[in-house]
Structure formats: C-alpha cells, structure tokens
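Working notes, structure below.
For clarity, every value in this text was computed on a predicted model and none was experimentally measured. So that the names make sense, note that chain A is the first sequence line, chain B the second, and so on, each numbered from 1.
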Amino acid sequence: MSDIRVRIAPSPTGPLHIGTARTALFNYLFARHNDGTFIVRLEDTDVVRSSIAYEKDILDGLHWLGLTWDEGPDVAGDADHGAFGPYRQMERLPIYREAAARLLAADLAYPCYCTPEELEADRRRQEAAHQPPRYSGRCARLTPAERAAFEAEGRVAALRFRVPEGVISFDDMIRGRVEIDTANLGGDFVIVRADRTPLYHFTVVIDDAAMRISHVIRGEDHLSNTPKHILLFRALGEAEPAFGHLPLILNPDRTKMSKRKSQTAIGDYIAEGFVREAMVNYLALLGWSTGTEEEVLSLEALVERFDVAHVQKAGAVFDRERLEWLNGQWIRRLPPDDVIDRLRPFLEAELAAGRIDRIPTDEEIRALLPVIQERLPTLGAIGDLIGFLFVDEVAVDVSVFPTKRWDLGTTHEALSAARDVIASVGQVSYEADELEPPLRRLAEERGWKAGDLFMAIRVAVTGRTA
RNA sequence: GCCCCCAUCGUCUAGAGGCCUAGGACGCCACCCUUUCAAGGUGGAGAUCAGGGGUUCGAAUCCCCUUGGGGGCACCA
C-alpha cells in the first residue's frame with residue numbers, strides 16, 4: 001500500500017449525482033492504480049438538508065458502481081471503519097471545535113457579530129455599485145469592550161477566518177500552476193456559524209489533514225475555493241495535499257450539469273436499466289481517455305490504464321446516446337445467468353404495472369436470450385421486447401398493420417390463407433424450416449411479397465411490428 | 001461587476017513541432033446481410049484545429065492578444 005490517500009466526500013443533501021459518481025470514480029481509479037487508499041467521508045454538516053435517505057442513496061449508488069472503499073461507512077446509518085474515523089462530519093464536531101478555538105486564540109480568526117440582514121444589505125450595496133461581493137471587515141478589529149457590548153445585546157457571533165494579503169499559488173495535477181490573489185477571495189470568510197456548526201471550507205480542510213489525504217481530486221467548481229483551503233491548511237499548521245480539478249460535466253447547453261436540465265441522479269439511470277459496467281465505462285471516458293482507441297473498458301481495465309495526464313481540462317457534455325450505446329455493448333457482453341438475474345427486477349416491475357400477467361421462468365428467459373440480448377438498449381426495455389409472450393391475451397390493434405402495400409382487406413385475406421396453410425402443416429416443433437417454406441409458397445402463388453405476409457402474421461400473433 | 005479556468009467534427013475524444021491533405025467513437029446518411037426490429041459489415045457526409053499576431057526551415061501542438069464559453073465570489077456543499 002502506498003502513501004496515496006484520496007477521498008470522495010459527498011454531502012447527503014440529495015441523491016447520488018452523476019458528477020459525484022464520476023469524481024468518486026476518478027478518485028477510485030487513481031487510488032487503485034497507485035496502490036493507494038480510497039476513502040468515503042460524509043459531509044453532513046448542513047443538518048437541515050441532510051438526510052439518512054440520501055445517505056443511503058449515495059452509499060448504495062457507490063456500491064452499485066462497484067467502487068469499493070477502504071475507509072468510511074458502508075451502510076447508511078451504520079458504523080464506519082478505518083483508522084481515521086469517524087467518517088461522518090457531524091460525529092467530528094469536537095475536532096472542529098478544538099481547531100476553531102486554536103485559530104481564535106492565535107487571532108487567526110475572530111468573532112463576527114454581523115446579522116444576516118446587515119450582510120445582505122452590504123451585498124446589495126456592492127451589487128448596486130457593480131462591486132464584487134466582499135465582507136466589509138466590520139468586526140475584524142473590534143475591541144474587547146465592543147465585543148462585550150454586542151454580547152450584552154444578545155448577539156451570537158459567527159467565527160471568521162482572517163484572510164491575509166498575498167498571492168496563493170499551487171500546482172494543480174490537471175491544470176498546472178494556478179495563482180490567485182487573496183484580495184479576490186471576498187474578504188474574511190465564516191468558518192463557524194453563529195449556531196456553532198462548522199462550515200464546509202473549514203471542515204474539509206481539517207478532515208483532509210486529519211485523514212492524511214494526499215491528493216484532493218474534485219470538480220473544477222472548487223478551483224476558486226482552493227486558496228481558501230490552502231490558507232486554512234497553513235493556519236492550522238498542516239501540510240497541504242496536492243490538488244487536481246476535474247473538468248465539469250455539462251448540460252447540452254454547456255452549463256454545469258444540473259437537475260433542471262439533465263437527469264442527474266444515478267438512481268434514475270439504474271431504474272431505467274443501465275448496467276454498472278456501462279455507467280463506469282462511460283463516466284471514465286467523460287473527461288479522460290486512454291490515449292488509445294480503446295473504448296469498451298471494464299473497471300479493472302480502467303484501473304490498469306488510468307493516468308492523470310490524459311484527464312481533459314475542458315468541460316464535457318453528457319451524451320446519453322453514447323451511454324446507451326455502451327450500455328448495449330455491455331449487455332451483450334454479460335454472461336447469460338447474469339443477464340437473467342439483472343432482468344428479474346424489471347420483469348417484476350412489468351408485472352406490477354400490469355403490463356404482463358406472469359413472470360417468465362429463468363429457463364424461458366434463457367431460451368429468449370439469443371434474440372433479446374443484442375436488442376436491449378437498457379434492461380428496462382425488456383417488457384417492450386418480450387411482454388407479448390407473457391400476457392394471457394394478446395391485444396391486436398388493427399391500426400398497427402402496415403398499409404403501405406396492403407389494405408386491410410388483403411391483410412385479412414392473407415391471414416386466412418396463412419391460417420389454412422399452417423393448419424395443413426399440422427404438428428410442428430417450431431423449427432424455422434417447418435412453416436416458412438409452405439408460407440413462402442403461398443405468397444408466391446398469390447403474387448405477394450413474402451415479407452408482407454410475414455409482417456401480417458407477426459402483427460396478428462404478437463400485436464407488434466417488431 | 002471582480003477573479004480563476006477553458007477552447008480539435010453536432011457530441012466524447014486522439015494529437016505532447018515535422019508521421020496530420022487532422023485519426024477513432026457516438027449520432028446521422030447510404031449500401032450489404034435480412035421475414036420486421038436490432039446486431040454486425042462496408043462506405044459517406046461532418047473540424048480552413050475559435051480568430052488574429054508572433055517564435056520556428058516547419059505549429060492543431062510554443063508565446064501574446066482578441067473573441068467565445070464555463071466556474072467561483074453564502075452563517076450551501
């Protein structure tokens with residue numbers, strides 16, 4: 001095991017997002033390729049929006065993808081494991097409290113008594129003046145007497161970190177050297193709320209330091225925040241990890257992928273019948289490539305080939321068509337028993353929805369596999385493909401019969417004739433050459449195209465044209 | 001508004017100065033196969049490498065500017 005330690009730190013304030021899943025995957029690939037440690041940490045300090053249901057969705061989703069982690073909680077609500085725990089931030093409050101006290105004692109942070117209303121007014125004024133939003137620094141130099149006065153007023157203070165002057169620079173694993181002047185950070189920022197709960201920028205740094213995270217690999221939306229983190233690492237007397245900022249996943253209009261414009265919940269893709277192999281394969285290739293022309297790659301193959309050098313810098317539009325193509329590729333590659341297992345929940349859903357009257361047996365599905373495996377874009381398409389076989393009565397909508405060459409009269413006539421031919425053949429084993437030759441003969445005698453006859457029979461028997 | 005990041009076919013990308021009259025994949029269009037639908041095979045359309053300056057014998061590749069796009073600027077994460 002190397003010293004490389006990386007983490008995915010999702011916030012259980014929503015279901016597992018495509019972007020979080022990809023960040024988790026890249027961290028996983030980086031860790032496994034380098035014989036490092038992959039950690040899951042839950043950032044649940046936003047108590048109002050966090051929930052155990054989301055925690056479950058996230059953990060289950062990561063398991064579904066096949067990303068195993070070495071430290072962290074495995075099951076929602078359950079205990080975690082690893083030498084650097086706990087791995088839920090709400091269980092680490094004393095650690096943050098101690099760190100906050102240290103910064104306060106060293107005057108690296110100070111109590112701020114500004115009310116939300118005052119801050120909001122400042123912000124509005126700055127916006128009106130076309131100024132960038134920035135904390136006024138009103139509470140930065142309060143005398144003990146002034147603080148006491150605010151306290152006497154009943155005001156409760158938040159804790160603000162003093163942002164020093166200077167330029168922060170770091171070598172991003174993906175972007176190279178990045179420099180940002182601390183003057184552009186928006187002034188002293190809050191690290192502990194008035195209600196004593198710590199904020200993200202604070203906890204993320206304390207935990208990354210405490211958990212000995214060596215490489216912080218995350219989305220590009222955090223790039224501008226990195227100087228704040230570096231400042232905090234320094235104030236805390238901790239070594240800074242390496243940073244790598246992944247390109248964002250984009251909506252079709254090239255804005256940051258969002259629930260509003262795209263399907264972002266991994267759970268929704270699972271429900272549609274995307275298989276994990278395809279999802280992992282697709283996500284890995286969104287913003288990264290092997291540098292070769294290989295496209296269909298298993299998680300193991302990805303681990304073997306992963307390198308930061310081939311990570312793209314520009315954002316990548318999420319392309320569902322390509323995901324579907326990969327899904328088809330993977331469904332075709334799955335072993336029969338595996339497909340049968342994975343199909344079952346979707347068949348059960350068909351039954352529950354009343355679209356079929358019974359669930360096919362494993363043997364029935366196995367017999368169908370040769371004709372359905374290469375036709376499934378998603379597992380959820382199974383009902384459309386074989387549903388007609390498992391309903392008590394096939395409903396045939398007359399309008400489904402093609403009328404390009406045949407009118408309904410001809411269709412009816414042809415079906416009657418075909419029925420006679422089939423009856424005359426008698427007992428059959430349904431091998432292809434038992435019914436086809438006599439039906440072809442019938443078509444030839446009547447001057448019909450065999451394809452038209454077969455289409456009529458297909459619709460009459462299955463209720464569908466495919 | 002300020003700061004930061006980015007820029008090769010519609011999309012995902014290969015390309016790390018000459019191998020590029022820019023390659024692959026998805027999608028699209030033909031054709032083949034074919035009893036429909038798929039799958040598969042073959043071929044095609046599709047990028048003056050955002051634009052303009054440099055550097056160089058030589059630039060998609062290096063530098064600068066412009067333009068365009070994105071992200072960040074919370075007592076959210």
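For B:rC73, neither phosphate oxygen OP1 nor OP2 lies less than 4.0 angstrom from any side-chain nitrogen or oxygen of A:K228. Between A:R193 and B:rC76 there is a side-chain N or O to OP1 or OP2 distance below 4.0 Å. Between A:T45 and B:rA77 there is a side-chain N or O to OP1 or OP2 distance below 4.0 Å. OP1 or OP2 of B:rA14 lies within a sub-4.0 Å distance of a side-chain N or O belonging to A:S289. Contact between the side-chain N/O atoms of A:H201 and the OP1/OP2 oxygens of B:rC75 is not found at any separation under 4.0 Å. Considering only side-chain N and O atoms, A:R322 lies nowhere under 4.0 angstrom from the phosphate OP1 or OP2 of B:rG10. Regarding contacts with the backbone of B:rG40, a side-chain N or O of A:R332 is found under 4.0 angstrom from either OP1 or OP2.
A donor atom on one side chain and an acceptor atom on the other are not found under 3.5 Å apart for A:T45 and A:R193. There is a side-chain donor-acceptor pair under 3.5 Å between A:N251 and A:T255.
Here B:rG71 is the nucleotide among B:rC5, B:rC26, B:rG71 with the atom lying nearest to any side-chain atom of A:S224.
Taking atom P on both nucleotides, B:rC37 is separated from B:rC29 by 13 Å, rounded to a whole Å. To the nearest whole angstrom, the two P atoms, one in B:rC65 and one in B:rC20, are 32 Å apart.
Comment: A:E444 does not engage A:R441 in a salt bridge, judged by the lack of any side-chain N to carboxylate O separation of less than 4.0 angstrom.
Closest heavy-atom contact between A:R7 and A:D208: NH2-OD2, 2.7 Å.
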